[in-house]
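Here the structure comes first, spelled out in C-alpha cells, and everything after it is commentary.
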Amino acid sequence: MPPIRNQIIAERLYDSFLLEEPSVMMRMLRGPKVTQMIKVLSCTIAAATASMLMAGAAKADESAFLKTLAGNWSGNGTVKVRTNAPTMKVTCRFKSDANASSLALNGRCTSLVVFSRVISANLRASGDTYTGSYVGAGTGTAGLGGKRAGNAISLAIKWAKEVNGDRRAQMMIEKTGASGMRLTTVDTDPATGRSVVTSRIDLRRS
C-alpha cells in the first residue's frame with residue numbers, strides 16, 4: 001500500500017477516535033496515572049511559585065536593610081595592628097553607598113600615635129548571602145563571605161597574606177539603633193589560640 005494512502009488512513013482513524021469515541025478519551029484522562037501526574041504537576045507549580053515569592057521577599061528585605069547603612073558616618077574606636085600589639089584609639093570617617101543588592105563602605109581611621117589607614121569593604125548580596133572584598137590590614141585585598149542575621153552581617157575574612165599566623169579572621173558590620181553602625185574584626189592570637197578583637201569602631205550618621 002502506498003505511503004500516502006497509509007497516512008490518509010491513519011489520519012482518518014485518529015479523527016474517528018477523537019470524534020466518535022470521546023468516552024475513551026475521558027476514561028484515559030480520569031485514569032489513576034493521569035490523576036497522579038496532575039497532582040505532581042500542581043505541587044511542582046506551587047513550589048516554584050512559593051520559591052519565587054520567597055526570593056522576591058528576601059531581595060526586598062536586603063534592599064531595605066542595606067539602605068539603612070547608606071550615608072556619611074563618623075566615630076571612634078580601637079585598633080590593634082596585630083593581636084599582640086598595643087591597642088590604639090582612633091577617629092574614623094566613612095562614606096557608605098548602598099543600593100538594593102550592594103554596599104560600598106570607604107573611609108579612613110587615624111590616631112595620635114602616627115597611625116592612618118584606609119579601610120574599605122565592598123559587598124554584594126544574593127538573598128541573605130554576602131560576598132565581597134576588604135582592605136584594612138595592610139596586606140592587600142582580602143576576600144569576604146557570610147550571611148546577615150537580624151541587624152548584623154557576619155563575614156569570614158580570607159587575608160591576601162598571613163596575618164597573625166594564618167589567613168583567617170571574622171568581621172561584623174552591625175546596624176546599632178536608628179542611626180548607628182559598628183564595625184568589628186576578630187582574629188586568633190597564634191600564641192594563645194584566643195580570639196582577640198583587633199578593631200571595634202562605633203559610628204554615627206553625620
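All figures in this text were calculated on a predicted structure; none of them were measured in a lab.
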Point to revise | Ring-face cation of Arg148 near Tyr130 (centre distance under 6.0 Å, axis angle within 45°) | key: no

Review point. Apart from Val135 itself, what residues make up its hydrophobic cluster when side-chain heavy atoms of I, L, V, M, F, W and Y under 4.5 Å apart count as a link, directly or indirectly?
Key: none

Exercise for review: Return yes if a side-chain donor-acceptor contact under 3.5 Å exists between Thr141 and Ser133, otherwise no.
Suggested key: no

Practice item. Classify the side-chain pair Thr68/Lys175 by whether it contains a donor and acceptor separated by less than 3.5 Å. Key: no

Check your understanding: Out of curiosity, Lys147 NZ to Ser154 OG, how far, rounded to the nearest 0.5 Å?
Key -> 11.5 Å

**Study point:** Pairwise distance CG(Leu155) to CG(Leu123) - rounded to 0.5 angstrom
**Key:** 5.5 Å

Review point. Where the side chain of Ser120 meets the backbone of Leu105, is there a donor-acceptor pair that is under 3.5 Å apart?
Key: no

Study note, to complete from the structure: Taken in chain and number order and not counting sequence neighbours, the residues that satisfy salt bridge (charged side-chain N to carboxylate O under 4.0 Å, His left out) with Asp189 are none

Review point. So Val81 and Phe115, side-chain contact (heavy atoms from CB on, under 4.5 Å) or not? Walk me through it.
Key: CA-CA 10 Å; Val81 293; Phe115 172 86; 3.8 Å; yes

Check your understanding: Among side-chain atoms of Ser74 and Arg204, is any donor-acceptor pair under 3.5 angstrom?
Key -> no

Exercise for review: Quick one: do Val186 and Thr184 satisfy side-chain contact (heavy atoms from CB on, under 4.5 Å)? Show the steps, please.
Suggested key: CA-CA 7 Å; Val186 178; Thr184 307; 4.1 Å; yes

**Study point:** Separation between CZ of Arg124 and CG of Leu103, rounded to the nearest 0.5 Å
**Key:** 11.0 Å

Check your understanding: Can you check whether Ser199's main-chain N or O pairs, donor with acceptor, with Thr185's side chain at less than 3.5 Å?
Key -> yes

Point to revise | Heavy-atom donor-acceptor pair, Thr192 side chain to Arg194 backbone, under 3.5 Å | key: yes

Point to revise | Same apolar cluster: Leu144 and Met172, side chain cutoff 4.5 Å | key: no

Point to revise | Side-chain (Arg167) to main-chain (Trp159) donor-acceptor, under 3.5 angstrom | key: yes

Would you be so kind as to tabulate the donor-acceptor pairs closer than 3.5 Å made by side chains of residues 82-96, with sequence neighbours excluded?
residue : atom : partner : partner atom : Å
Thr83   : OG1  : Asn164  : OD1          : 3.3
Thr91   : OG1  : Asn76   : OD1          : 3.3
Ser96   : OG   : Leu69   : O            : 2.8

Check your understanding: So, do Arg182 and Arg200 sit near enough that their side-chain heavy atoms are less than 4.5 Å apart?
Key -> yes

**Study point:** Criterion side chain to side chain donor-acceptor pair (under 3.5 Å) on Thr198 and Lys80, from CA distance to verdict
**Key:** CA-CA 5 Å; Thr198 50; Lys80 294 168 71 75; over 6 Å; no

**Study point:** Worked check of side-chain contact (heavy atoms from CB on, under 4.5 Å) between Ile173 and Met181
**Key:** CA-CA 7 Å; Ile173 301 174; Met181 177 166 55; 4.1 Å; yes

**Study point:** Closest non-hydrogen atom pair, Ala121 against Tyr134
**Key:** CB-CD1, 4.3 Å

Exercise for review: List the steps, then state whether side chain to side chain donor-acceptor pair (under 3.5 Å) holds for Arg108 with Ser116.
Suggested key: CA-CA 7 Å; Arg108 179 181 292 273; Ser116 179; 2.8 Å; yes

Practice item. First locate atom CG of Asn122, then atom OG of Ser102, and finally report the distance between them rounded to the nearest 0.5 Å. Key: 8.5 Å

**Study point:** Audit row: Cys109, Ile119, side-chain contact (heavy atoms from CB on, under 4.5 Å) steps and yes/no
**Key:** CA-CA 7 Å; Cys109 291; Ile119 298 174; 3.7 Å; yes

Check your understanding: Between Leu203 and Leu183, is any pair of side-chain heavy atoms under 4.5 Å apart?
Key -> yes

Check your understanding: Given side chains that start at C-beta, do those of Asp187 and Asp166 come closer than 4.5 Å, heavy atoms only?
Key -> yes

